[in-house]
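Everything below concerns the one structure shown next.
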Amino acid sequence: MSQISHDETARTWLLRMRSSAYAFGLTEDGTALRHLHWGAHLPTSALGDMLATAQAGLGVWAERLTMSLDRSDEYVPWGGLRFDEPSLKADFADGTRGIEWAYAGQRIGRDGAVSTLEIDFADTSYDLLVTLYYRVYDDFDVLERWASLRHTGPAGAAPVVIRQAHSANWWMPARASWRLRYLHGGWGAETQLTSTTLGPGKVVLESRRGTTSHQLNPWFTLDPDGTAVEETGEVWSGELGWSGSWKIVFEQTPDGRVHASGGVNDFDWAHHLTPGADLVLPSFAALYTSGGFGAASREWHAWQRSHVLPAAGRLRPVLYNSWEATSFAVSVAGQSHLAGLAAQLGVECFVVDDGWFTGRTSDRAGLGDWSVDRAKFPDGLGPLISTVNELGMRFGLWVEPEMVNPDSSLYREHPDWVYHFAGRARTLRRNQLVLNLARPDVAAWVFAAMDRLLSENNIGFVKWDMNRPFAEPGWPGEPNAERLWVDHVRNLYGILDDLRTAHPDVEFESCCGGGGRVDLGILRRAEQVWTSDNTDAWDRVRIQEGFGQAYTPQAMAAWVTDSPNFLTGRELPLSFRFHVAMAGALGIGGDLPRWSAEEMASAAGLVSVYKEIRPVVQQGRLFRVASVATDGIGAHCYVAPDGSSAVVLAWWGPEQCGGGAARSGGAARSVRLAGLDPEAAYLDAVSRQRYPGAVLLRDGLRLTAADAGSGFGSALVRLVRIQPGVH
Ligand code: DGJ
């Protein structure tokens with residue numbers, strides 16, 4: 001059980017998680033929290049001495065020469081001699097900038113499996129109260145942190161201007177050097193894993209685009225001296241829950257301390273905090289493990305399923321999405337035909353993508369006019385939805401509610417509802433502009449439009465898209481226009497939360513031109529995310545490998561599409577495409593009328609296999625037993641939560657099939673498994689071959705390509721554990 005304890009006399013706090021601990025203490029004068037520990041468990045008795053050391057002066061000469069406060073503040077209020085990346089920077093009405101604060105109390109609360117600590121600091125002269133939050137979860141090593149700011153002055157008092165407000169500041173222990181791993185990419189190539197070594201100065205990961213971004217994702221790992229590997233080694237990892245512009249700063253201070261501070265991006269942002277108002281900052285979660293990168297990922301996955309994703313106990317359905325098949329050319333007849341074919345494959349949710357609403361014949365028009373296009377659906381969506389429901393599937397629909405095309409009734413009526421500067425052009429991207437969702441009236445309109453759509457139609461699934469970054473982030477007439485960066489996201493969250501409350505049976509997929517909005521913030525409100533617009537299965541192996549570093553496969557939507565792929569032109573066998581998409585939440589996005597009878601039959605067989613392995617893939621423990629980036633073959637071993645079975649999925653390509661594999665026809669590879677019981681035996685559910693667990697772990701499993709003709713090989717093996725003593 002996780003536990004938070006406070007020793008009032010020693011002025012220390014200890015957060016004990018499943019197999020790690022986190023500690024800090026209050027300085028004697030009550031003006032700062034000093035970080036003490038984050039890592040393996042340690043005895044409570046150690047904390048007093050650690051705080052004394054953390055407080056001890058550097059000695060007269062060192063103090064004079066250092067010219068700064070080289071102390072590890074839990075949260076760094078900018079003021080005095082602090083030069084570390086600040087957590088908080090505020091301006092007051094009389095021109096005073098910077099903060100001086102003092103401890104003002106703490107509370108520890110428990111709600112089921114969750115314990116929360118709140119610590120207040122009040123500015124010593126001005127009306128600003130800062131509360132630091134720490135949250136731990138039974139049976140997890142994840143620690144969530146955030147902060148909230150409150151203007152405590154009387155009504156009518158001048159606002160406090162917040163210029164930077166991070167959610168948390170994480171200190172690493174003293175080590176010689178640190179490797180930083182993170183996810184970068186672009187449209188069609190999201191979540192690519194890369195790494196760098198931290199040195200003196202800062203590394204900044206951020207988005208200034210108004211969305212989480214394809215380019216960088218707010219997740220990282222730090223391991224000391226680059227020593228961690230997949231299944232061993234100390235790893236510290238963090239994930240920010242924010243779907244707008246964000247920033248994480250990794251800083252090695254001049255005296256060699258390393259910290260990671262992050263939250264909403266301060267670039268171009270300012271928030272006027274008014275009397276009585278609160279600004280609650282997003283959560284920044286982090287964990288420590290000694291079990292390598294694999295253990296860090298598994299911890300993230302399990303925690304997301306237990307405490308982040310809505311209704312994660314419900315398995316993700318096999319869905320069909322019409323985008324690659326029909327693009328904007330949707331019609332009742334065409335979609336009904338697709339639905340019939342999808343049902344034959346065993347699809348459970350049929351999603352009509354873009355193109356169904358008024359004026360939407362291309363990406364040039366229609367966004368904002370969320371009524372069904374009567375030219376395409378003369379009797380509304382009802383008849384198609386009935387057809388889909390009668391075929392035994394849920395009906396899903398694509399929307400992009402934060403956007404407007406200038407060629408739309410909405411824009412003609414409300415040209416001032418988009419972000420813009422009075423004296424500048426409005427930069428179009430994909431022929432569209434971003435609605436000013438920070439405006440309460442616009443947010444209310446968006447909610448009402450979506451609420452109406454969901455109330456009038458039997459919609460069970462919404463794909464919520466967002467296809468462009470912000471530009472000209474102006475809000476003419478609003479004195480605090482810079483707050484839009486944060487308010488847009490807060491209002492987006494509010495709309496999604498309200499829609500979920502009003503329509504509790506509707507499931508949501510977050511999409512942003514592919515995987516541009518994947519983060520813990522959106523995952524609290526969306527059962528799944530669209531991983532990438534690139535559905536080329538070979539490219540996807542790498543994208544998915546990066547995705548899985550940070551996020552659970554349960555939330556990772558993956559479609560089987562046509563060959564050759566519409567984006568890359570690459571041809572891949574149907575089995576390969578399925579094996580790749582089966583690594584997450586399986587979907588199908590091909591132009592089914594063009595699939596042969598043989599392909600349809602194979603696909604139906606593979607969908608039914610997926611349904612059997614789905615609980616293990618979506619809710620099991622994922623071991624990355626080979627990496628396409630480093631081993632030339634990607635392979636996952638998913639182990640059921642109770643260990644009773646495992647699923648192995650592996651994918652390799654021709655450029656890696658040289659050497660021995662080429663001599664053996666390029667059709668077979670061996671992979672050492674992980675996560676299995678060395679004492680047990682395992683039975684291949686198809687071939688009935690028995691393997692001792694110890695042999696699978698030590699020597700590996702021989703994988704035979706399902707279809708090696710193309711040079712691309714893939715395999716799916718289902719292993720059933722035979723209890724020790726039975727074999
Ligand atoms: C971008 C998405 O990522 C695609 O899947 C598709 O929904 C298009 N938008 C539709 O415009």
Side-chain angles (χ1 to χ4, degrees), residues 185-191 209-215 217 243 319-330 334-335 338 349-370 373 376 395-405 407-408 428-435 450 453 459 461-469 507-519 522 526-537 539-540 543-544 547 555-562 565-568 581 584-591:
W187 177 81
E190 295 86 338
T191 51
R209 294 163 190 264
T211 60
T212 322
S213 97
H214 301 77
Q215 286 69 22
N217 188 275
S243 312
L319 65 76
Y320 177 83
N321 180 292
S322 66
W323 175 244
E324 287 197 24
T326 52
S327 183
F328 298 99
V330 297
Q335 296 299 305
L338 277 175
C349 177
F350 181 83
V351 184
V352 176
D353 207 279
D354 205 344
W356 60 269
F357 47 99
T358 310
R360 191 67 167 173
T361 47
S362 72
D363 63 16
R364 303 200 151 268
L367 288 175
D369 296 344
W370 298 111
D373 188 343
K376 295 176 180 171
F395 180 79
L397 198 62
W398 178 95
V399 290
E400 195 180 359
E402 297 155 79
M403 297 291 156
V404 66
N405 285 117
D407 187 359
S408 67
L428 292 174
R429 186 79 193 166
R430 207 189 188 214
N431 306 302
Q432 62 197 59
L433 295 165
V434 186
L435 284 178
M450 293 302 115
L453 199 58
I459 293 170
F461 182 95
V462 170
K463 176 176 173 184
W464 185 292
D465 205 347
M466 203 293 191
N467 280 302
R468 63 155 293 169
E507 299 187 332
F508 286 79
E509 176 175 86
S510 162
C511 174
C512 178
R517 198 184 249 165
V518 180
D519 59 81
I522 206 72
E527 278 81 358
Q528 60 186 60
V529 290
W530 181 224
T531 314
S532 177
D533 275 347
N534 185 349
T535 59
D536 175 319
D539 287 352
R540 255 332 236 270
I543 293 169
Q544 295 183 175
F547 184 102
M556 185 181 75
W559 306 339
V560 176
T561 55
D562 296 335
N565 183 268
F566 93 111
L567 188 68
T568 65
L586 174 68
I588 293 167
D591 190 5

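Worth saying up front: this structure is predicted, and the values here are computed from it rather than measured. When a ligand or atom number is given, it counts from 1 through the structure's own listing order.
D363 and R430 are joined by a salt bridge, as a carboxylate oxygen and a charged side-chain nitrogen come within less than 4.0 angstrom of each other. E190 and R540 are not joined by a salt bridge, as no carboxylate oxygen comes within less than 4.0 angstrom of a charged side-chain nitrogen.
Residue C511 has at least one heavy-atom neighbour below 4.0 Å for each of these atoms of ligand 1: 2 (C), 3 (O). Heavy-atom proximity to W530, at under 4.0 Å, picks out these atoms of ligand 1: 3 (O), 5 (O). Annotation for ligand 1: atoms under 4.0 Å from non-hydrogen atoms of N467 are 1 (C), 9 (N).
Remark: of the listed residues T531, L586, L319, L319 is the sole one forming a side chain to side chain contact (heavy atoms under 4.5 Å, CB included) with W559. Test W398, F357, W323 against F328 for ring-ring contact (aromatic ring centres under 6.0 Å, His included) and you get one pass: W323.
Residue contacts with ligand 1, taken as heavy atom pairs separated by less than 4.0 Å, involve K463 solely via side-chain atoms from C-beta onward. Only the side chain of D465 comes within contact range of ligand 1, with a heavy atom under 4.0 Å; no backbone atom does. When heavy-atom distances to ligand 1 are checked against a 4.0 Å cut-off, D363 has no atom that comes that close, whether in backbone or side chain. In R430, the part holding a heavy atom less than 4.0 Å from any atom of ligand 1 is the side chain.
In this structure the side chain of V351 never reaches within 4.5 angstrom of the side chain of L397, judged on heavy atoms.
Nearest to atom 3 (O) of ligand 1 by heavy atom, out of L367, N321, D353, D533, is D533.
Between G514 and ligand 1, at least one pair of N/O atoms sits closer than 3.5 Å.
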Dump the intermediate steps for side chain to side chain contact (heavy atoms under 4.5 Å, CB included) on W464 and M450, then the final yes or no. CA-CA 10 Å; W464 185 292; M450 293 302 115; 4.1 Å; yes

Evaluate T358 against D373 for side chain to side chain donor-acceptor pair (under 3.5 Å), listing each step before the verdict. CA-CA 4 Å; T358 310; D373 188 343; 5.4 Å; no

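In this structure, atom 11 (O) of ligand 1 lies nearest to the protein heavy atom D354 OD2, 2.6 Å.
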